[in-house]
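Because the structure is a prediction, the values reported are computed rather than measured. Throughout, protein chains are lettered first and strands after them, A, B, ... in sequence-line order, and every chain is numbered starting at 1.
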2 protein chains.
Amino acid sequence: MMKISQLAAHSGLSAHTLRFYEKSGLIEASQRTGSGYRRYSEEDIRRVEFVKTARDAGFSLDEIAQLLSIRLDRDQHTCEDVTSITRHKLEAVNEKIAQLTEIRESLELLLESCDGGLDSAVHCSIIEALEAGAAKTTHPNEDQATKEATL
Amino acid sequence: MMKISQLAAHSGLSAHTLRFYEKSGLIEASQRTGSGYRRYSEEDIRRVEFVKTARDAGFSLDEIAQLLSIRLDRDQHTCEDVTSITRHKLEAVNEKIAQLTEIRESLELLLESCDGGLDSAVHCSIIEALEAGAAKTTHPNEDQATKEATL
DNA sequence: ATAAACCTTAGAGTTATATCAAAGGTCAAG
DNA sequence: CTTGACCTTTGATATAACTCTAAGGTTTAT
């Protein structure tokens, strides 16, 4: 039976974060000492490790909550339930990467245009490019591009 | 001289956002009507366009504030000042992309391991992988990986 | 003249994920 | 028995960039 600081050291999550995850309904300490200290059982610890692993894999706390409820009640769920969450996550990640890649291209274009020298910025081509509205490198998707995939 | 809603339509930023940018010190309406309505001059409008373009290029509002102050006082700054901001941004974007790419790999690995069928998740290999601690695909960089590039 | 559409402000709320602070109770060692 | 490390709770703070609300004043068109 671990105390919270031991579990923190063991899991790589801070005691603060463990309490926060508990408040969020992700984990719990199945026992308390008489004075109210949390005691984590082996099972509790495995759950915390699951959360940590899922977090490292990129899942949000909400998604982890879904995965946990599947884990706790496996025979009422299908593999498809799990892959669905994972696929959606993967799509969101891919979308975010695509956005950032566009931004990277914008920035690289800006940098290419400017020597970066130590002389005055009076004719700095980056400033000029931003004044000329040179943001969108390629995609002219004004449609409903406001998706913004929160990730 | 435009009113705020006209500038909103023109710039693609909402009137709310324009007021928010003003409060943040990025832009202003150089005049007001007797009743207090904002009136934007051509110069004001160019500044708003600059902000919008820079935002679309991926700069944060803080970074845009820096760029604006350079733009307003070009001969007191060098191209290096501008490229420095841009390079740092590019580095942050690259780091974020690298993180997301690792996450993508984790997710793809998880998906590969699971058929995603409609049968019970009792033996779902994704759940099992998360229980086994299969998060980190490659990089074992435990060092100071807590950089977390806010972007 | 009245209704619709527009404008103003200050300030609160949102999202996600923590992180910290305050005020105090508990435990182990010397 | 005291000191220091640890634990508890509630609730505030942080980040970034909005987004919205409330309560009210203005403009324009019919």
For this session: For Arg39(B) and Met2(B), run side-chain contact (heavy atoms from CB on, under 4.5 Å): C-alpha distance rounded to whole Å, both residues' side-chain angles, the deciding distance at 0.1 Å, then the answer.
Result: CA-CA 5 Å; Arg39(B) 308 317 298 270; Met2(B) 280 184 184; over 6 Å; no

For this session: Show your working on side-chain hydrogen bond (donor to acceptor under 3.5 Å, both in side chains) between Ser84(B) and Asp81(B) and close with a plain yes or no.
Result: CA-CA 5 Å; Ser84(B) 169; Asp81(B) 295 339; over 6 Å; no

For this session: Evaluate side-chain hydrogen bond (donor to acceptor under 3.5 Å, both in side chains) for Asp56(B) paired with Thr53(B), printing each intermediate quantity in order.
Result: CA-CA 5 Å; Asp56(B) 287 348; Thr53(B) 303; 6.0 Å; no

For this session: Give the intermediate values and the outcome of side-chain contact (heavy atoms from CB on, under 4.5 Å) for residues Arg47(B) and Arg71(B).
Result: CA-CA 10 Å; Arg47(B) 189 173 169 109; Arg71(B) 173 175 178 263; 4.1 Å; yes

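Atom CG of Asp62(A) and atom P of dT17(C) are 7 Å apart (whole Å). Separating the CZ atom of Phe59(B) from the P atom of dA17(D) is a distance of 13 Å, rounded to the nearest angstrom. Counting to the nearest Å, the P atom of dA10(C) and the CD atom of Glu22(B) are 10 Å from each other. Taking atom CD of residue Gln99(B) and atom P of nucleotide dT17(C), one finds them 14 Å apart after rounding to whole Å. Between the C1' atom of dA16(D) and the NZ atom of Lys89(B) lies a distance of 11 Å, rounded to the nearest Å. dT17(C) atom P lies 13 Å from atom CG of Asp56(A), rounded to whole Å. For Leu26(A) and dA18(C), the CG to C1' distance is 13 Å, given to the nearest whole Å. The CZ atom of Arg19(A) sits 16 Å away from the C1' atom of dT17(C) (whole-angstrom rounding).
The backbone N or O of Ser41(B) lies less than 3.5 Å from a partner atom in the side chain of Asp44(B), making a donor-acceptor pair.
Proximity of residues 33-40 of chain B to DNA chain C (heavy atom under 4.0 angstrom from any strand atom) is restricted to Gly36(B), Tyr37(B), Arg38(B).
Summarising the local packing, NE2 of His10(B) is surrounded by more than 12 heavy atoms from other residues, nucleotides or ligands at distances under 6.0 Å.
Here the shortest heavy-atom pairing between Ile103(A) and Ala57(B) reads CG2-O, 3.4 Å.
Rounded to the nearest 0.5 angstrom, Met1(A) CE and Leu7(A) CG are separated by 11.5 Å.
Using a cut-off of 4.0 Å between Lys/Arg side-chain N and Asp/Glu carboxylate O, Glu43(A) and Arg46(A) are scored as salt-bridged.
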Between the protein and nucleotides 18-20 of chain D, which nitrogen or oxygen pairs are less than 3.5 angstrom apart?
{"unit_1": "dC18(D)", "atom_1": "OP1", "unit_2": "Arg55(B)", "atom_2": "NH1", "d": "3.0"}
{"unit_1": "dC18(D)", "atom_1": "OP2", "unit_2": "Tyr21(B)", "atom_2": "OH", "d": "2.4"}

